[in-house]
Every structure is written in C-alpha cells, then in structure tokens.
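This report concerns only the one structure given below.
Throughout, residue positions are numbered sequentially from 1 according to the sequence presented. The figures that follow rest on heavy atoms only: side chains count, while hydrogens, waters and symmetry mates do not.
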Amino acid sequence: MKKQIAITALTLATAFGTAHAETINVGMSGGYFPFTFVKLDELQGFEVDVINAIAEETGDEVNFVTMSFSGLIGALESGRIDTIANQITITPEREQKFAFSQPYVYDGAQVVVKRGNEGTIKSTSDLSGKSVAVNLGSNFEELLNTLPNASEIEIRTYESNIAQDTALGRVDAFVMDRVSSAQLISESPLPLALAGSPFSEIRNALPFRTDENGIALRDKFDAALTTLKEDGTLSEISNKWFGTDITVAE
C-alpha cells in the first residue's frame, strides 16, 4: 500500500511540554492484522493505539506512513520516516544499525500449516524437505536459517499472501509471530492450524536512527513507554486486541 494515511494524535500538555511538540512520521505496513491494518479506510490496530498513546504522553503529533513491509527499514535509514511500528524484532544485526526503544511486545516464532497437517509437522525438525513461506524483510527467514536443519528447508519469501498459499497447499507452512498467527486463525475462514509451540522468543521494539535527533526521539518515546507500562495503558491496549497482555515477558 503506497498511500499515506495521516492521523493526528491528541496533543496534550505533559511533562515534556507543548514547546517540544513535533510531528513524528511513523512507518507501518497497514497489512498485518491485528497489529496494523486498514478497515473501512481507517488505519487501526494494536500498533496504531500504542503510538497514539505515546503521542498523547509526549504531546507530539503523528503522521502514519504506510508502505510495503519490505520497504520500511530503507525508509527509516533514508530519513523518510522517524521510526517503525510494525512488530520490529530486536536482532543483533538491527542493533548495529538502529537505536531501539525498550521492548513493548514479547512473542514467539510460530509455524502454521494447513489444517489437518499439524499432526505431521509438530516442530521445526519436521520442516526438513518442506517449503516454508515468510514475509519479505521479516526476521523469520533469519530465524529459520539458524535452525540445525536449515539447509533442508526451502524458504520462500513473500510480499503478501503467505497464509493463502499455505491454505491452498502451494507451500507446506509459513512462519509468523504466534500472536498474529493465533489471531489470523481465529478471524480468517482459511483452514489453518498452529503447528507445535513457538520456537524462538521475540522481543519487539521501536527502532530509531543513531544520529543525535534519532537518539533524542528514542529517549522521549522510551520514557513514554515506561509511563504507559506503569499506569496500565499498554496492558489495556493489548487486552483490547488480544484478550491477554503481550507487553510483558512471561
């Protein structure tokens, strides 16, 4: 999705003061239910609510910029956006490039198969000789490549439709985070099922550039996240979308 959807957050006087208010360009795909998606021409989801809550805390305005997931990192590096709110997993490689906020989602990598196949694919060891789809630009390809049997797995990258192709049998499975996978199976008519337990812990956070402005923005967002965790706002947002609190480590 190439169009931009601008949503102005409420600007409230806070400890940061209105004199420090600025417009923050936040990138997201708008196609990752229930974290960020468009329904009836309205951008919504867990990530949207979290960013708007942060903006209310800091007194800033938010301009949400939607694009394909694979383009988000490049947009951040080039300065077209200021951060990404799209379940960006903290990895050693990304930590070398960006300054991350504290984690605000704790999750796990999950294998999903066509319903009826969960008895034959129960763990990542059963992926040998199988084709597995991942979203282009996500960290799930990297996670699969770290498995002991990685050389025996055919990994296919997709811009979209990994769930549909799995349900149609075009690939044997796909890998996504467990929270999104469970929500997708609950909401979608596609015949899908979780295959085994999550095989890797995922910590998601907001990345920022490592220049002076990026670090200052990271620190401001991080302080707001701390407040939102302590006053229960993040928990409320999580329970709204997932019926459980994914913002704290188990």
Subject >> Nearest-0.5 Å distance that lies between atom CG in D211 and atom CG in N213 >> reply: 5.5 Å
Original post:
Taking atom types as modelled and ignoring hydrogens, do the side chains of D177 and S180 form a donor-acceptor contact shorter than 3.5 angstrom?
Top reply: yes
Subject >> Check: N139 side chain, E142 main-chain N or O, donor-acceptor pair, under 3.5 Å >> reply: no
Original post:
Side chains of N86 and T36: donor-acceptor distance under 3.5 Å anywhere?
Top reply: no
Original post:
So how far is it from T157 OG1 to L136 CG, rounded to the nearest 0.5 Å?
Top reply: 5.0 Å
**OP:** Please report the C-alpha distance between V48 and M28 in whole Å, then the side-chain angles of each, then the deciding distance to 0.1 Å, and finally whether the side chain to side chain contact (heavy atoms under 4.5 Å, CB included) criterion is met.
**Re:** CA-CA 9 Å; V48 176; M28 54 178 56; 3.8 Å; yes
**OP:** Tell me yes or no: between the side chains of N63 and T23, is some donor less than 3.5 Å from an acceptor?
**Re:** no
**OP:** Using atom types as modelled and distance alone, determine if a side-chain donor or acceptor of D60 lies under 3.5 Å from a backbone N or O of A55.
**Re:** no
Original post:
Is the backbone of Q102 close enough, under 3.5 Å, to the side chain of D222 for a donor and an acceptor to pair up by distance?
Top reply: yes
**OP:** Give a yes or no answer on whether the side chain of S78 reaches the backbone of A75 with a donor-acceptor pair at less than 3.5 Å.
**Re:** yes
Original post:
Any donor-acceptor pair under 3.5 Å linking the side chain of S101 with the backbone of A205?
Top reply: no
Original post:
Considering only heavy atoms from C-beta outward, does the side chain of I54 approach that of I24 to under 4.5 Å?
Top reply: no
Subject >> Sidechain-backbone polar pair: N25 side chain, D82 backbone, donor-acceptor under 3.5 Å >> reply: no
Subject >> D172 side-chain N/O to L127 backbone N/O, donor-acceptor pair under 3.5 Å >> reply: no
Subject >> Flag side-chain contact, heavy atom, 4.5 Å: R80 against V65 >> reply: no
**OP:** Over all heavy atoms of both residues, which pair between I51 and A85 is shortest? Give the atoms and the distance, please.
**Re:** CG1-CB, 3.7 Å
Subject >> Sidechain-backbone polar pair: R209 side chain, E77 backbone, donor-acceptor under 3.5 Å >> reply: no
**OP:** State, yes or no, whether a side-chain contact exists between T83 and L217 at a heavy-atom distance under 4.5 Å.
**Re:** no
Original post:
Do any N or O atoms from the side chain of S235 and from the backbone of G232 form a donor-acceptor pair under 3.5 angstrom?
Top reply: no
Subject >> T233 vs E57 side-chain heavy atoms within contact, under 4.5 Å >> reply: no
Subject >> Distance (rounded to the nearest 0.5 Å) between F33 CZ and Q44 CD >> reply: 8.5 Å
Original post:
Just wondering, do L184 and M176 contact through their side chains at under 4.5 Å, heavy atoms?
Top reply: yes
Original post:
Do R218 and L206 pass the side chain to side chain contact (heavy atoms under 4.5 Å, CB included) test, and can you show the C-alpha distance, the side-chain angles, and the key distance before you say yes or no?
Top reply: CA-CA 8 Å; R218 187 278 305 274; L206 300 168; over 6 Å; no
Subject >> Within-4.5 Å side-chain heavy-atom neighbours: L72 and M67 >> reply: yes
Original post:
About how many Å separate CD of E118 and CG of L194, when rounded to the nearest 0.5 Å?
Top reply: 9.0 Å
Original post:
What are the two closest non-hydrogen atoms of E152 and S128, and how far apart are they?
Top reply: OE1-OG, 2.7 Å
Original post:
Between Y104 and F46, what is the ring plane arrangement, given parallel below 30°, perpendicular above 60°, and tilted in between?
Top reply: parallel
Original post:
What are the two closest non-hydrogen atoms of L143 and S200, and how far apart are they?
Top reply: CD2-OG, 3.7 Å
Original post:
Heavy atoms, side chains only, cut-off 4.5 Å: are D165 and R156 in contact?
Top reply: no
Original post:
Atom CG in N135, atom CD in E159: separation rounded to 0.5 Å?
Top reply: 8.5 Å
**OP:** Enter the distance from F64:CZ to I81:CD1 here, rounded to the nearest 0.5 Å.
**Re:** 12.0 Å
Original post:
Checking side chain to side chain contact (heavy atoms under 4.5 Å, CB included) against V111, which of V132, I121, L144, D126 comes through?
Top reply: I121
**OP:** Would you please say whether a donor-acceptor pair under 3.5 Å links the side chains of T91 and T89?
**Re:** no
Original post:
Do you know which two heavy atoms are closest between L192 and T166, and how far apart they sit?
Top reply: CD2-CG2, 4.1 Å
**OP:** Grab the two heavy atoms, one from V171 and one from Y158, that are nearest each other, plus how far apart they are.
**Re:** CG1-OH, 3.5 Å
Original post:
What are the two closest non-hydrogen atoms of I84 and P207, and how far apart are they?
Top reply: O-CD, 3.4 Å
**OP:** Identify the residue among F242, W241, F69 that makes a ring-ring contact (aromatic ring centres under 6.0 Å, His included) with F35.
**Re:** F242
